[in-house]
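In what follows, a single structure is set out as structure tokens and then discussed.
What you see is a predicted model, and the numbers here were worked out from it, not measured in a lab. Order of the sequence lines sets the chain letters (A, B, ...), proteins ahead of strands, with each chain counted from 1.
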Number of protein chains: 2
Amino acid sequence: MSEKVRKFSRKREAIRTVLANTKSHPTAEWIFSTLKPEIPDLSLATVYRNLSEMKENGEVQSVAFWGGKERFDGNVEKHSHFVCDKCGRIDDFDFIMHDKELDGVAQSHFGGKIDFHTLVFHGTCCECVNE
Amino acid sequence: MSEKVRKFSRKREAIRTVLANTKSHPTAEWIFSTLKPEIPDLSLATVYRNLSEMKENGEVQSVAFWGGKERFDGNVEKHSHFVCDKCGRIDDFDFIMHDKELDGVAQSHFGGKIDFHTLVFHGTCCECVNE
DNA sequence: TATAATAATGATAACAATTATTATTATTGT
DNA sequence: ACAATAATAATAATTGTTATCATTATTATA
């Protein structure tokens with residue numbers, strides 16, 4: 001299997017530029033509508049396609065998103081989680097920590113109001129690691 | 001407008017029971033297929049409907065999920081974020097913190113392998129707070 | 001216990017975000 | 001210029017979720 005050789009594309013460059021010039025953590029749709037006036041023949045699919053390639057390449061990351069499915073928890077206490085990126089399982093991850101403190105610390109650095117936080121560790125679970 | 005009076009429902013109870021007896025942070029679909037053999041006339045819509053009510057009631061929470069749209073970041077460095085739950089904006093949130101340490105601490109409590117974490121604060125941003 | 005008010009439901013249509021398909025166009029090495 | 005193939009537009013398909021609506025179940029009260 002030969003490596004896929006990457007070719008230049010003006011549209012990919014434009015997407016890169018938008019990402020480099022915004023701090024708004026945009027959606028694919030937002031990037032699309034930002035570029036559309038300037039590049040009228042741009043397709044939304046191109047934006048999605050490029051973003052997902054760029055993510056694989058490590059040029060882009062996405063913010064606390066791991067695949068669009070909502071996962072529920074009968075335990076209403078705020079607590080941290082661990083996601084196994086191999087098998088997809090999600091476990092509670094409650095080694096005792098500054099979990100309560102954290103919001104206080106954050107609040108002291110911030111003009112708005114902090115309500116809570118989510119903390120999710122990613123990696124390989126015990127079972128997947130032995131394989 | 002009078003308060004909506006909640007009535008008993010066997011199916012809602014069943015969903016509660018499943019949630020109480022699992023630590024797997026299930027999806028709506030998983031809850032549905034778990035209950036389906038036992039309650040053959042259960043509908044997937046009922047599961048979704050009840051879960052979202054229970055979430056409003058604070059009986060259930062969902063794990064690090066805030067609405068299904070992927071948000072991209074051209075900055076590939078791992079860093080924390082703040083989400084305004086009023087206006088939806090997402091900002092970087094990088095007051096200096098044990099961000100690097102954190103994975104190390106987590107690793108020391110864990111048999112698997114920690115790769116990284118996501119830390120997302122929720123609340124009301126400066127602008128929305130003044131209204 | 002019958003009844004009336006209305007909450008809960010199943011089935012399914014609608015929807016929104018994303019991914020796959022395919023014929024065409026653009027880039028690049030020769 | 002040409003051949004190989006990467007990138008694309010347009011759009012169909014897929015997936016997860018929510019809305020609709022006619023029917024059924026629960027509950028308060030007569």
*Hey, could you give me the OG1/NE2 distance between B:Thr118 and A:His117, rounded to the nearest 0.5 Å?*
10.5 Å
*Got a second to check how far B:Asn75's CG is from B:Asp94's CG, nearest 0.5 Å?*
8.0 Å
*Are side-chain N/O atoms of B:His122 and B:Asp85 paired as donor and acceptor at under 3.5 Å?*
yes
*Treat primed atoms plus P, OP1 and OP2 as sugar-phosphate and everything else as base, then score nucleotides 7-15 of chain C 5' to 3': B for base contact with protein heavy atoms under 4.0 Å, S for sugar-phosphate contact only, - for none.*
SSBBBB---
*Give A:Glu70 one of three labels, base, sugar-phosphate or nothing, depending on what nucleic acid heavy atoms sit under 4.0 Å from its own.*
sugar-phosphate
_NZ/NE/NH1/NH2 to OD/OE distance under 4.0 Å, A:Glu13 and A:Arg16_ = yes
*When you check the gap from the basic side-chain N to the acidic O, do A:Glu59 and A:Arg12 get nearer than 4.0 Å?*
no
*Between the main-chain N or O of A:Leu102 and the side-chain N or O of A:Gln107, is there a donor-acceptor pair closer than 3.5 Å?*
no
*Under the 3.5 angstrom rule, does the side chain of A:Arg71 hit a backbone N or O of B:Ser24 as a donor-acceptor pair?*
yes
_Tell me whether A:Phe65 shares a hydrophobic cluster with A:Tyr48, the cluster being built from Ile, Leu, Val, Met, Phe, Trp, Tyr side chains joined at under 4.5 Å._
no
*On DNA chain D, reading 5' to 3', which nucleotide is the first and which the last to sit with an atom under 4.0 Å from a heavy atom of chain B, could you check?*
D:dG16 to D:dT27
